[in-house]
Amino acid sequence: MSPTRSSTRPSRVPARVAFVGGGPGDPGLLTVRAVELLAAADAVVIDQVAREAIALRHAREDVEVVDAGHGDQGEALTQASRAKLVVKAAKAHAGGLVVRLMDGDPAVFNGLAEEAQALVKAGISFEVVPGVSSLSAVPAYAGVPLTAKSTSAVHVVVAGPGAPAVAGGVDPSVTVVVLGAPDRAAVALQALLDAGRDAATPVALTERGTTTEQRTLVTTLGEAPGVMADSRFPVLAVVGDTVRLRDALSWFETKPLYGWSVLVPRTKEQSGTMTARLEHHGAHAEIVPTISVEPPRTPQQLERAVKGMVTGRYEWVGFTSVNAVRAIREKFDEFGLDARSFAGLKVAAVGGVTADALREWGINPDLVPTDEQSAQGLLDAWPPFDADLDPINRVFLPRADIATDTLVAGLQATGWEVDDVTAYRTVRAAPPPAPVRDAIKSGAFDAVLFTSSSTVRNLVGIAGKPHPSTVIACIGPATAKTAEEHGLRVDVLAPEPSAAALVDALADHGRSIALDAAEAGEEVVRPSQRRAGGRKRAT
């Protein structure tokens with residue numbers, strides 16, 4: 001029986017719209033429901049505050065991102081214009097899902113009512129996913145609670161074009177929260193002062209709250225309007241006695257790498273774990289790819305080896321990089337295979353980063369060297385062939401086209417037959433933009449994280465040597481040796497060869513800098529702020 005006409009007709013029902021709170025800035029403050037909806041979205045509508053990066057971190061590669069913040073000429077859109085864009089996106093993705101990503105919580109100062117009413121009028125269904133509001137999150141990240149035993153109320157002032165409503169915040173027991181652009185927030189604070197609030201009342205002014213670029217300044221109500229002149233970004237000001245608790249409760253801006261800008265010379269796909277770990281310690285990661293990975297020119301040998309994994313040709317498969325794991329995984333997907341095809345095989349990984357990539361695939365490696373993360377370290381840990389214990393004497397090594405012969409020769413010397421197969425080609429990446437190259441050479445970065453010898457060679461090759469003031473952190477002895485050969489002094493060496501251990505070791509170095517400054521009675525200064533003096537390179 002042929003299908004009915006209705007079964008093949010495309011959906012005429014507009015997409016469902018989800019108003020989702022994007023949080024105040026820290027990606028970690030997204031709700032579980034927000035992440036689920038972003039992952040399923042056909043389109044994400046953002047405005048001038050909710051960042052595109054938040055959407056792209058969780059959405060599909062083919063998601064459409066619609067800018068509802070500005071028009072074609074760069075002008076700020078009205079609330080009515082934004083509502084029309086949301087309706088248009090829903091109709092363009094019939095039968096799908098459109099996420100309207102809003103800063104903080106959708107129901108707090110975001111125009112949710114206007115946009116939702118437009119959807120109702122157009123007959124489009126929607127849901128609302130509350131988010132973490134900047135009203136409470138930013139003060140919490142600044143170490144300033146909004147209430148204490150002496151607090152009777154919290155009064156919120158949105159600093160807009162009209163006269164600020166400050167009458168409810170004059171009482172000393174009321175905590176006042178002011179949000180807005182610096183100039184308008186200054187007017188609101190001056191109005192609060194003119195209304196009778198004590199000029200000595202402490203005020204905490206926070207820019208870019210909950211992000212690794214957060215900056216908080218403590219002053220008084222009498223001084224705050226003048227101080228606002230130095231602010232360039234929207235601010236959140238807390239006025240009240242609870243600001244005095246900041247010295248004891250400041251937990252975010254005292255993280256060991258707070259405010260650090262860290263260069264990670266890896267691809268975006270490889271750097272996810274390190275980026276998240278750096279953010280955990282308060283740092284901002286700048287990703288600079290140093291290599292471009294391409295498939296082998298002739299894939300037949302790799303395809304035969306992958307089929308040999310399934311047919312029992314090998315006793316071991318050895319992975320010497322995350323790229324090798326990715327190359328084999330892509331071939332498995334191409335052939336309709338999955339991790340179950342590794343049954344009966346022994347799997348080796350060169351180090352923690354590669355082992356993590358295997359575990360993400362559902363494969364727990366049998367062999368990971370505990371000391372040096374290198375071909376030599378893997379060889380030292382690899383058991384020799386034993387005819388009584390090993391039913392098969394063959395090893396499959398999917399590697400880069402430029403891999404050294406150390407591992408192959410060593411395995412052959414201990415009795416193994418090795419199929420050394422090119423799984424991918426590495427091509428040096430294009431140089432980063434001129435501002436990034438200048439930042440590397442001038443010392444604008446506080447640290448660089450090197451995860452292999454090739455990242456050292458390629459970064460120096462495409463961008464130049466990091467400034468002498470920049471902290472150099474290496475994942476293992478082989479990487480450190482290469483860094484020293486290129487004239488860099490290694491400050492941090494990971495205790496074990498993993499991305500998390502490398503970042504944690506850098507955080508320990510940051511703590512040491514802070515402790516030394518505290519013992520000397522000095523202000524903590526980031527490496528990039530000390531670059532004028534520099535330091536000697538390795539000899």
Side-chain angles (χ1 to χ4, degrees), residues 24-25 47-49 69 75-76 78-79 102-105 107-111 132-211 213-250 252-253 259:
D47 55 35
Q48 76 274 22
V49 181
E75 75 282 6
T78 64
Q79 196 63 61
M102 290 178 155
D103 184 56
D105 183 88
V108 182
F109 308 123
N110 271 313
V132 177
S133 173
S134 59
L135 281 175
S136 57
V138 173
Y141 270 55
V144 179
L146 294 182
T147 62
K149 289 183 178 179
S150 59
T151 306
S152 63
V154 176
H155 183 70
V156 180
V157 178
V158 180
V166 298
V170 176
D171 190 309
S173 65
V174 175
T175 299
V176 179
V177 180
V178 180
L179 303 94
D183 54 345
R184 292 179 175 176
V187 172
L189 292 170
Q190 184 63 51
L192 184 62
L193 182 65
D194 295 341
R197 190 74 185 249
D198 188 350
T201 304
V203 178
L205 305 172
T206 303
E207 294 179 334
R208 294 178 286 190
T210 77
T211 73
E213 297 176 318
Q214 174 177 307
R215 184 174 76 101
T216 301
L217 177 65
V218 175
T219 182
T220 63
L221 184 58
E223 300 290 336
V227 170
M228 298 292 275
D230 295 330
S231 299
R232 296 183 294 119
F233 302 93
V235 298
L236 185 145
V238 179
V239 183
D241 287 340
T242 57
V243 174
R244 304 183 197 280
L245 298 173
R246 173 174 156 79
D247 286 343
L249 303 184
S250 180
F252 184 63
E253 294 176 36

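This structure is a prediction, so every number in the text was calculated from the model and none was measured. Because only heavy atoms are used, hydrogens play no part in the values below, and waters and symmetry mates are left out as well, while side chains stay in.
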**Q** Considering residues at least two apart in sequence or located in another chain, which fulfil the side chain to side chain donor-acceptor pair (under 3.5 Å) criterion with D198?
**A**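 Counting only residues at least two positions away or on another chain, D198 forms no side chain to side chain donor-acceptor pair (under 3.5 Å).
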
**Q** What are the two closest heavy atoms between L135 and F109, and how far apart are they?
**A**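 It is CD1-CE1, 4.1 Å.
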
**Q** List for me each residue that meets salt bridge (charged side-chain N to carboxylate O under 4.0 Å, His left out) alongside R184, sequence neighbours excluded, and say none if there are none.
**A**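 Result, salt bridge (charged side-chain N to carboxylate O under 4.0 Å, His left out) vs R184: none returned.
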
**Q** What is the distance from atom CG of L245 to atom OG of S250, rounded to the nearest 0.5 Å?
**A**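 Interatomic distance, L245 CG to S250 OG, rounded to 0.5 Å: 11.5 Å.
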
**Q** How would you list, by chain and number, every residue that makes a side chain to side chain donor-acceptor pair (under 3.5 Å) with T175, sequence neighbours excluded?
**A**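 T175 satisfies side chain to side chain donor-acceptor pair (under 3.5 Å) with no residue once adjacent residues are dropped.
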
**Q** Dump the intermediate steps for side chain to side chain contact (heavy atoms under 4.5 Å, CB included) on H155 and V239, then the final yes or no.
**A** CA-CA 10 Å; H155 183 70; V239 183; over 6 Å; no

**Q** What are the two closest non-hydrogen atoms of G168 and V174, and how far apart are they?
**A**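 Looking at all heavy atoms of both residues, the shortest contact is O-CG1, 3.7 Å.
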
**Q** For T206 and V235, what are the C-alpha separation, side-chain angles and deciding distance, and is it a side chain to side chain contact (heavy atoms under 4.5 Å, CB included)?
**A** CA-CA 6 Å; T206 303; V235 298; over 6 Å; no

**Q** Considering only distance and modelled atom types, tabulate donor-acceptor pairs under 3.5 Å from the side chains of residues 138-151, sequence neighbours left out.
**A**
from : atom 1 : to   : atom 2 : distance (Å)
Y141 : OH     : D26  : OD2    : 2.8
T151 : OG1    : A148 : N      : 3.0

**Q** Which residue pairs satisfy the side chain to side chain donor-acceptor pair (under 3.5 Å) criterion with at least one member in residues 162-172, sequence neighbours excluded?
**A**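 Non-adjacent pairs meeting side chain to side chain donor-acceptor pair (under 3.5 Å): D171-S173.
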
**Q** Could you go through M228 and E223, starting from their C-alpha distance and side-chain angles, then the distance that decides it, and tell me whether this counts as side chain to side chain contact (heavy atoms under 4.5 Å, CB included)?
**A** CA-CA 9 Å; M228 298 292 275; E223 300 290 336; over 6 Å; no

**Q** So, the side chain of E207 versus the backbone of P234: is there a donor-acceptor pair under 3.5 Å, distance only?
**A**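 It does not hold such a pair.
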
**Q** Under 3.5 Å, which donor-acceptor pairs link side chains of residues 159-166 to any protein atom two or more places apart or in another chain?
**A**
none

